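Remarks on the structure that follows.
In this chain, residues are counted from 1 in sequence order. Since the model is a prediction, treat every value here as computed from it, not as a measurement.
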Amino acid sequence: MAHPLQLGFQDAASPIMEELLHFHDHALMAVFLISALVLYIITTLMSTKLSNTNTIDAQEIEMVWTIMPAIILIVIALPSLRILYLMDEMSNPDITVKAIGHQWYWSYEYSDFANLSFDSYMVPTKDLLPGQFRLLEVDNRMVTPVGMATRTLITADDVLHSWAVPSLGVKTDAIPGRLSEASFLVSRPGVYYGQCSEICGANHSFMPIVIESLPIKEFLDWSSASETA
């Protein structure tokens with residue numbers, strides 16, 4: 001959960017988000033070193049009175065400033081490609097949930113259960129209980145088991161939406177007529193908040209996403225109670 005004046009990312013709650021945070025720090029360090037080198041060169045050129053006019057034919061320096069950027073790009077690209085493959089399609093998920101975007105709420109269907117589906121609406125401000133977050137709490141949370149690979153099939157019923165949960169490292173567009181896929185594994189029990197990240201109309205800001213991660217036994221109890229309800 002983000003807090004006021006937060007400068008960094010939310011705490012990672014999935015292995016993919018941990019990898020993304022590490023890659024962010026890795027890329028930021030490369031940017032910092034490049035910026036420091038460029039600043040040092042500019043400062044040196046502006047502060048020194050010495051100059052060399054014999055730089056018309058400088059093959060060595062041309063090789064350096066051609067090869068170094070290529071090496072830097074490779075150092076940044078290789079970890080990025082690794083994360084892209086890790087975020088790719090999950091071949092053997094433990095549970096599959098279909099998320100459908102509407103104007104302006106979400107519907108969830110649990111494909112592994114016979115009769116488990118529900119709509120998820122934002123709780124109005126006047127109905128919030130103590131401790132609940134304004135514009136982020138919903139009446140029916142999407143519940144997932146801890147430590148189990150979850151595949152989410154995402155689509156939309158009307159216009160473009162985007163299913164995004166920052167602490168899990170998930171952000172996938174919900175497109176009418178198309179079935180997109182996002183996979184994640186929640187590392188620890190908790191409640192994780194997200195919002196629609198695609199401008200989808202007048203009430204775009206009022207269709208939050210809430211994922212509650214429970215131990216497997218509590219998840220099975222919840223699913224049994226929800227199916228019989």
Side-chain angles (χ1 to χ4, degrees), residues 1-94 147-155 160-175 178-188 192-199 209 211:
M1 180 66 191
H3 57 80
L5 302 179
Q6 179 174 334
L7 298 179
F9 293 98
Q10 297 183 24
D11 292 338
S14 70
I16 290 297
M17 189 58 191
E18 291 178 4
E19 293 287 341
L20 290 172
L21 289 177
H22 293 156
F23 175 70
H24 169 265
D25 296 340
H26 171 77
L28 200 63
M29 183 57 66
V31 171
F32 174 77
L33 293 175
I34 294 171
S35 301
L37 177 61
V38 172
L39 182 62
Y40 169 76
I41 294 174
I42 292 175
T43 304
T44 303
L45 291 175
M46 293 180 63
S47 60
T48 183
K49 296 181 179 180
L50 301 176
S51 60
N52 188 354
T53 59
N54 298 323
T55 57
I56 298 177
D57 187 21
Q59 297 295 331
E60 293 81 4
I61 190 63
E62 289 184 4
M63 290 181 61
V64 169
W65 68 45
T66 301
I67 295 174
M68 280 189 63
I71 295 175
I72 293 172
L73 289 176
I74 292 173
V75 168
I76 294 176
L78 290 180
S80 175
L81 291 174
R82 174 176 173 272
I83 296 176
L84 284 176
Y85 278 104
L86 289 175
M87 296 175 66
D88 202 3
E89 180 179 351
M90 186 178 291
S91 56
N92 294 308
D94 297 313
M148 297 185 69
T150 303
R151 176 176 62 186
T152 308
L153 304 177
I154 302 165
T155 187
L160 287 175
H161 300 279
S162 185
W163 199 80
V165 184
S167 56
L168 300 180
V170 177
K171 183 180 184 297
T172 303
D173 287 342
I175 304 171
R178 178 177 176 178
L179 206 60
S180 303
E181 180 178 324
S183 303
F184 59 89
L185 187 151
V186 184
S187 305
R188 60 180 185 273
Y192 308 101
Y193 296 89
Q195 289 179 300
C196 177
S197 298
E198 188 78 43
I199 296 178
I209 301 158
I211 297 179

(message) How long is the straight-line distance from CD1 of I199 back to CG of L160, given to the nearest 0.5 Å?
(response) 11.5 Å

(message) My understanding is that only residues two or more places apart in sequence, or in another chain, count here; which of them pass side chain to side chain donor-acceptor pair (under 3.5 Å) with E19?
(response) R82

(message) Are I72 and I34 packed together at the side-chain level, in the sense that at least one heavy-atom pair is separated by less than 4.5 angstrom?
(response) yes

(request) Could you tell me whether the side chain of F9 reaches within less than 4.5 Å of the side chain of P166, counting heavy atoms only? (result) no

(request) Can you tell me which residue pairs pass the side chain to side chain donor-acceptor pair (under 3.5 Å) test with a partner in residues 23-38, sequence neighbours excluded? (result) none

(message) I need the F184 CZ to I16 CD1 distance, nearest 0.5 Å.
(response) 12.0 Å

(message) Taking the side chain as everything from C-beta on, heavy atoms only, tell me whether L185 gets closer than 4.5 Å to P15.
(response) yes

(request) Count the heavy atoms belonging to other residues, nucleotides or ligands that lie under 6.0 Å from CE of M68, then report whether that count exceeds 12. (result) no

(request) Could you tell me the separation between the CG atom of L73 and the CG atom of L78, rounded to the nearest 0.5 Å? (result) 10.5 Å

(request) Can you run down the salt bridge (Lys or Arg N to Asp or Glu O under 4.0 Å) pairs that involve residues 69-81, sequence neighbours left out, and say none if there aren't any? (result) none

(message) Could you measure the distance from the OG1 atom of T172 to the CG atom of L153? Nearest 0.5 Å is fine.
(response) 10.5 Å

(message) Tell me if a side-chain donor or acceptor on S47 pairs with a main-chain N or O of T43 at a distance below 3.5 Å.
(response) yes

(message) Could you measure the distance from the CD1 atom of I175 to the OG atom of S180? Nearest 0.5 Å is fine.
(response) 5.0 Å

(request) Looking only at non-hydrogen atoms, find the nearest pair between L168 and M17 and report the distance. (result) C-CB, 3.9 Å

(request) Taking all non-hydrogen atoms of both residues into account, name the closest pair between L20 and M87 and its distance. (result) CD2-SD, 4.4 Å

(request) Check I209 against C196 and note the closest heavy-atom contact, atom names and distance. (result) CD1-N, 4.3 Å

(message) Donor-acceptor pair, distance only, cut-off 3.5 Å: does the side chain of S167 make one with the backbone of A12?
(response) no

(message) For the NE2 atom of H161 and the CD atom of Q195, what is their distance to the nearest 0.5 Å?
(response) 14.0 Å

(message) Can you give me the closest heavy-atom contact between S187 and S14, atom names plus distance?
(response) OG-CA, 3.5 Å

(request) Locate the shortest heavy-atom distance separating R178 from T155; write the atom from each residue and the value. (result) O-OG1, 3.0 Å

(message) Counting C-beta onward and ignoring hydrogens, is there a side-chain heavy-atom pair between V186 and T150 closer than 4.5 Å?
(response) no

